[in-house]
Amino acid sequence: DSADRIAGTAPHGATILGIYTELLKFIVMSNYLGGCHATSPVLHMLPAEQGVGSDLCIGEVGTGRKYFGHSWVEVDGAIYDVAVCMPLDGGMHVGGPVFHATDLAQGGPTKLAYGDESGEGLGEDAQVAFDLDLAGYSSIQSELDVWVLVVAMASRAGMAIPTFAHFQETYGQVRQTLKKIGTKTS
């Protein structure tokens, strides 16, 4: 598998791989469409629990033809994005999941332009995610909120499971960083 190969050479790749794999399996098997604003925080929090820092990003992603508001994670500038392969119902399929800037379906660098700008803004869903911290965003989600998802994914990845309260207290005030091409997130 290309994620295994990449993880062997990417900084922190081995730490991120187990979490990423479990999160990807979950969204594909449960047909969790358009879940980027909930899954990206999980991919931010769980590696942080193991000492791996990341940037929780939000912005527009360009496909060459269209743009969409989206959330993803960057570790040392490399993009990690499980949700891009599962667009909102009716949304356009734009590629495979991205691990360390590699489109795993294509086996090469992602062709998506993360942080590109259409001039039209984030769109309603992404704007709401950007305007709220994780506690606020979680409070408007359905029963599968960020806190439920992060605890479930920690368990699936074989991690010691901190409590909901731990995640809420530690990460509740985290906000996404608006990413635009040419800007640094760190």
Side-chain angles (χ1 to χ4, degrees), residues 1-8 10-59 61 68-76 78-89 91 93-107 110 112 114 125-126 129 134 137-138 141-164 166-168 170-172 174 176-177 179 185:
D1 180 73
S2 59
D4 291 327
R5 180 182 43 77
I6 296 164
H12 311 294
T15 302
I16 298 167
L17 181 62
I19 298 161
Y20 182 97
T21 301
E22 290 304 321
L23 193 53
L24 180 60
K25 283 194 289 191
F26 166 76
I27 67 168
V28 170
M29 292 176 72
S30 64
N31 200 33
Y32 191 53
L33 301 175
C36 65
H37 305 309
T39 58
S40 293
V42 172
L43 202 52
H44 171 74
M45 289 184 274
L46 292 182
E49 290 292 307
Q50 297 183 31
V52 177
S54 68
D55 296 308
L56 180 57
C57 302
I58 194 166
V61 176
F68 56 97
H70 193 60
S71 294
W72 66 94
V73 171
E74 293 186 13
V75 177
D76 297 329
I79 295 165
Y80 292 83
D81 184 0
V82 297
V84 74
C85 67
M86 300 292 287
L88 282 169
D89 195 21
H93 180 74
V94 297
V98 176
F99 187 88
H100 196 73
T102 300
D103 179 326
L104 297 178
Q106 301 299 320
T110 182
L112 298 174
Y114 285 82
D125 290 342
L134 293 183
Y137 186 70
S138 182
Q141 289 182 287
S142 64
E143 66 277 354
L144 183 59
D145 67 28
V146 168
W147 313 124
V148 170
L149 191 56
V150 72
V151 170
M153 291 303 106
S155 175
R156 290 176 97 165
M159 297 173 64
I161 306 170
T163 63
F164 292 104
H166 165 78
F167 285 112
Q168 291 168 327
T170 306
Y171 302 100
V174 168
Q176 294 184 329
T177 300
K179 180 76 176 199
T185 56

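Bear in mind the structure is a predicted one, so any value in this text is a computation, not a measurement. Atoms considered below: every heavy atom in the structure, side chains included; atoms not considered: hydrogens, waters and symmetry mates.
Scanning all heavy atoms of the two residues, the minimum distance from Cys36 to Pro41 falls at O-CD, 4.1 Å. Contact record, Ile58 with Ala126: CD1-O, 3.2 Å, taken as the closest heavy-atom pair. Pairing each heavy atom of Gly95 with each of Asp103, the nearest pair is CA-OD2, 3.8 Å. Counting all heavy atoms, side chain and backbone alike, Gly18 lies closest to Ala157 at O-CB, 4.2 Å. Between Val174 and Leu56, the shortest heavy-atom distance links the atoms CG1-CD2, 4.0 Å.
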Legend entry - Step-by-step side chain to side chain contact (heavy atoms under 4.5 Å, CB included) determination, Thr39 to Met86: CA-CA 11 Å; Thr39 58; Met86 300 292 287; over 6 Å; no
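Of the options Asp4, Leu24, Leu17, a side-chain contact (heavy atoms from CB on, under 4.5 Å) to Phe99 is made by Leu17 and by none of the others. With respect to Tyr20, the side-chain contact (heavy atoms from CB on, under 4.5 Å) criterion is satisfied by exactly one of Leu46, Thr15, Asp81, Leu104: Leu104.
Between Ile19 and Met159 there is a side-chain heavy-atom pair separated by less than 4.5 Å. Considering only heavy atoms from C-beta on, Ser138 comes within 4.5 Å of Gln141 through its side chain. At a threshold of 4.5 Å between non-hydrogen side-chain atoms, the residues Val146 and Met45 count as touching. Residues Pro47 and His12 are not in side-chain contact: their nearest non-hydrogen atoms beyond the backbone lie 4.5 Å or more apart. With a 4.5 Å cut-off on side-chain heavy atoms, Val84 and Tyr114 count as touching. Looking at Tyr80 and His100, their side chains come closer than 4.5 Å, going by heavy atoms from C-beta outward. In this structure, the side chains of Val75 and Pro11 stay at 4.5 Å or more apart for every pair of heavy atoms.
One distance of note links CZ of Arg5 with OG1 of Thr102; it measures 7.0 Å at 0.5 Å rounding. Residue Leu134 holds its CG atom at 11.0 Å from CD of Gln168, rounded to the nearest 0.5 Å. Of the inter-residue distances, the one linking Leu112 atom CG with Phe68 atom CZ reads 5.5 Å to the nearest 0.5 angstrom. Between Leu43 atom CG and Met153 atom CE the span is 11.5 Å, to the nearest 0.5 Å. Atom OG of Ser71 and atom NZ of Lys179 lie 13.5 Å apart (nearest 0.5 Å). Going from atom CD1 of Ile27 over to atom CG of Leu149 covers 9.5 Å, rounded to the nearest 0.5 Å.
The backbone N or O of Trp147 lies less than 3.5 Å from a partner atom in the side chain of Asp145, making a donor-acceptor pair. Judged by distance alone, with hydrogens and angles left aside, the side-chain atoms of Ser54 form no donor-acceptor pair with the main-chain N or O of Val73 at under 3.5 Å.
For Glu22, the salt bridge (Lys or Arg N to Asp or Glu O under 4.0 Å) partners are Lys25, Arg156, not counting sequence neighbours.
By the 30° and 60° cut-offs, the orientation of the rings of Phe26 relative to Tyr32 is tilted. Ring geometry for Tyr137 versus His37: interplanar angle over 60°, hence perpendicular rather than tilted (30 to 60°). Between His70 and Trp72, the two ring planes are parallel [angle under 30°; tilted spans 30° to 60°].
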